Amino acid sequence: MADNDQQTMRRVLRREIAGTIGVLTDEHDFRAMRRYRTFTFDDHATYLQQVEGLLRTRALQGSHTTLALFDPQDYADYCTAKGLDADDPANRTRFTAELATTGPTIAYEGQPLADLLPALVDEAVRQAAWEYAATLLARLGPCATCGVDIGRAAFTRASDLLTRILDTAPPGDRHLVCSVTGTPETLVAVLHADDAADATGPLLDDAEALEFTSVLALGLAMQSPGGLVMRTSAPGACDQIYGWRLRGEGLEPLTAGEVFDAYCTDVESGELISPESGVDYCFPPDLGPQGRPSGHAH
């Protein structure tokens, strides 16, 4: 009887344990892991089927599971730095546990794995873009003329501009995209801002907002070519699309025609494509004076 009670308690405790699975999202990474004797999978498709089966089983048992992006090269570097045997499954588990706190993760909530994997890759790209932008901003250092930290001033300015963009946007759900080129890599950040039910302001994901602001700040600080586009959607109304180009240390409005051309031109062929129905290509709202609230005047 005591043994049964202990088993019951352990089952209850097992439901309290959160788990993380480090998943190999593509064939290239899967092949890289096959060099380890203890990694016994032969086929990537079968491996993904087993991962999905495990996720479903854990969910049925009441366990919470997150997925992390397992990068074989990062794992090899991790083992080398810590003097660990990369062919020991326990060390793969240890590496995955650290991914849960440092890398991009997505919670499993019953979604098909085919939907989860692209979202996980997108999350990894987002985090990489933010880390890259933040690193470059930190390296800019102080202005030789006034001594102000250039990266910090640009971040303050980008935050101010983002606030103005959201404050002047029409009601509805907003989808913003900022792209910066010549840094030397092209960086893209996306931000979703949905209307709050209590009208206290747009609902923002803090991580998305930080990443978006960092990429915009880098474009402003480096005075790089780039642009920012906003799309708003509201029930019973046409979607509105408008935007700005990065110009110097500020934003310059795009005309409705320029927005139309950008959305209705095939990127690869340069040929015109049909515009979306129910969409208005607009001139953006006035953001007001674009001074330098950070005090950096150069």
Side-chain angles (χ1 to χ4, degrees), residues 7-8 10-133 135 177 185-190 192 205 207-208 211 268:
Q7 291 175 3
T8 299
R10 286 170 186 168
R11 282 197 298 269
V12 171
L13 284 174
R14 193 175 295 119
R15 291 198 297 266
E16 304 293 326
I17 300 173
T20 302
I21 297 176
V23 63
L24 300 160
T25 59
D26 60 48
E27 186 75 35
H28 178 268
D29 287 346
F30 180 81
R31 288 198 303 269
M33 288 302 295
R34 291 198 62 204
R35 62 184 169 176
Y36 299 119
R37 177 185 55 80
T38 56
F39 185 80
T40 56
F41 289 95
D42 298 321
D43 177 73
H44 188 229
T46 301
Y47 161 80
L48 292 178
Q49 290 172 1
Q50 293 299 316
V51 169
E52 187 158 26
L54 177 59
L55 290 170
R56 290 173 178 168
T57 299
R58 286 180 54 83
L60 289 173
Q61 294 171 346
S63 299
H64 175 78
T65 310
T66 58
L67 270 71
L69 193 67
F70 194 103
D71 185 293
Q73 187 57 54
D74 287 348
Y75 172 63
D77 293 342
Y78 168 87
C79 290
T80 299
K82 293 186 175 291
L84 302 174
D85 178 8
D87 207 359
D88 185 341
N91 292 329
R92 290 199 289 273
T93 302
R94 184 175 174 181
F95 175 71
T96 301
E98 293 200 16
L99 286 179
T101 59
T102 62
T105 60
I106 288 185
Y108 176 70
E109 297 174 342
Q111 315 96 310
L113 194 60
D115 295 337
L116 274 175
L117 294 187
L120 181 59
V121 172
D122 287 346
E123 184 71 17
V125 171
R126 274 181 44 203
Q127 181 167 318
W130 168 69
E131 291 176 349
Y132 184 68
T135 298
V177 179
E185 296 182 12
T186 297
L187 299 181
V188 178
V190 177
H192 300 86
D205 179 273
E208 272 195 2
E211 294 154 6
E268 295 183 358

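The model shown is predicted, which means the values in this text are computed figures rather than measured ones. Below, all heavy atoms of this structure are taken into account, side chains as well, without hydrogens, waters or symmetry copies.
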Undergrad: Please enumerate all residues that pass ring-ring contact (aromatic ring centres under 6.0 Å, His included) together with Tyr78, with sequence neighbours excluded.
TA: Phe95
Undergrad: Would you please name every residue forming a side chain to side chain donor-acceptor pair (under 3.5 Å) with Asp87, sequence neighbours left out?
TA: Thr38
Undergrad: Report the residues that fulfil side-chain contact (heavy atoms from CB on, under 4.5 Å) with Thr57, sequence neighbours left out, ordered by chain and then residue number.
TA: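 Listed in chain order: Gln61.
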Undergrad: From Glu131 CD over to Thr135 OG1, what is the distance, rounded to the nearest 0.5 angstrom?
TA: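 Reported to 0.5 Å precision, the distance equals 7.0 Å.
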Undergrad: Between Arg35 and Ala76, what is the shortest heavy-atom contact and its length?
TA: NH2-CB, 3.9 Å
Undergrad: What's the spacing between Asp205 CG and Glu211 CD if we round to 0.5 Å?
TA: 7.5 Å
Undergrad: Out of curiosity, Thr46 OG1 to Phe41 CZ, how far, rounded to the nearest 0.5 Å?
TA: 9.0 Å
Undergrad: Test of understanding: with side chain to side chain donor-acceptor pair (under 3.5 Å), list the residues that count as partners of Arg34, not counting sequence neighbours.
TA: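 For Arg34, the residues satisfying side chain to side chain donor-acceptor pair (under 3.5 Å) (neighbours in sequence not counted) are Asp42.
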Undergrad: Could you tell me which residues satisfy side chain to side chain donor-acceptor pair (under 3.5 Å) with Thr102, sequence neighbours excluded, listed by chain and number?
TA: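 In terms of side chain to side chain donor-acceptor pair (under 3.5 Å), with neighbours along the sequence ignored, Thr102 is linked to no residue.
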Undergrad: Do you know which two heavy atoms are closest between Asp71 and Gln73, and how far apart they sit?
TA: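 Heavy atoms only, the tightest pair is OD1-N, 2.9 Å.
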Undergrad: Give every donor-acceptor pair under 3.5 Å between a side-chain atom in residues 24-33 and any protein atom, sequence neighbours left out.
TA:
{"from": "Asp26", "atom 1": "OD1", "to": "His28", "atom 2": "N", "distance (Å)": "3.2"}
{"from": "Asp26", "atom 1": "OD1", "to": "Asp29", "atom 2": "N", "distance (Å)": "2.8"}

Undergrad: Under the rule for side-chain contact (heavy atoms from CB on, under 4.5 Å), what residues qualify as partners of Asp88, not counting sequence neighbours?
TA: Asp85, Ala90, Asn91
Undergrad: Quick one: ring-ring contact (aromatic ring centres under 6.0 Å, His included) pairs with a partner in residues 100-126, sequence neighbours left out?
TA: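 Found none.
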Undergrad: Would you check, one step at a time, whether the test side-chain contact (heavy atoms from CB on, under 4.5 Å) holds for Leu117 with Leu48?
TA: CA-CA 10 Å; Leu117 294 187; Leu48 292 178; 4.0 Å; yes
Undergrad: Excluding sequence neighbours, so at least two apart, what forms side-chain contact (heavy atoms from CB on, under 4.5 Å) with Pro104?
TA: Glu123, Ala124, Gln127
Undergrad: Taking the side chain as every heavy atom from C-beta outward, state whether Val23 and Leu116 have any pair of such atoms under 4.5 Å apart.
TA: no
Undergrad: Roughly how far apart are Leu113 CG and Gln50 CD, rounded to 0.5 Å?
TA: 12.0 Å
Undergrad: With sequence neighbours excluded, what pairs up with Glu109 under the side chain to side chain donor-acceptor pair (under 3.5 Å) test?
TA: none
Undergrad: Please answer whether the main-chain N or O of Gly110 pairs with a side-chain N or O of Arg56 as donor and acceptor at a distance below 3.5 Å.
TA: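 Pair absent, no side-chain N/O of Arg56 close to backbone of Gly110.
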Undergrad: Among residues at least two apart in sequence or on other chains, which ones pass side-chain contact (heavy atoms from CB on, under 4.5 Å) with Pro112?
TA: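 Once residues adjacent in sequence are excluded, the partners of Pro112 under the side-chain contact (heavy atoms from CB on, under 4.5 Å) criterion are Glu52, Asp115.
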Undergrad: Considering residues at least two apart in sequence or located in another chain, which fulfil the salt bridge (charged side-chain N to carboxylate O under 4.0 Å, His left out) criterion with Arg94?
TA: none
Undergrad: For a side-chain contact (heavy atoms from CB on, under 4.5 Å) check, start with the C-alpha distance between Val177 and Val188, then their side-chain angles and the critical distance, and finish with the verdict.
TA: CA-CA 7 Å; Val177 179; Val188 178; 3.9 Å; yes
Undergrad: Rounded to the nearest 0.5 Å, what's the gap from CG on Leu60 to CG on Leu55? Could you check?
TA: 11.0 Å
Undergrad: Can you name the nearest heavy-atom pair linking Ala119 to Ile106, along with the distance?
TA: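 In this case the closest contact between Ala119 and Ile106 is C-CD1, 3.3 Å.
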Undergrad: May I ask you to decide if the ring planes of His44 and Tyr47 are parallel, tilted or perpendicular, using 30° and 60° as cut-offs?
TA: parallel
Undergrad: Nearest 0.5 Å please: distance from the CG atom of Leu84 over to the CZ atom of Arg92.
TA: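 So the gap between those two atoms works out to 12.5 Å.
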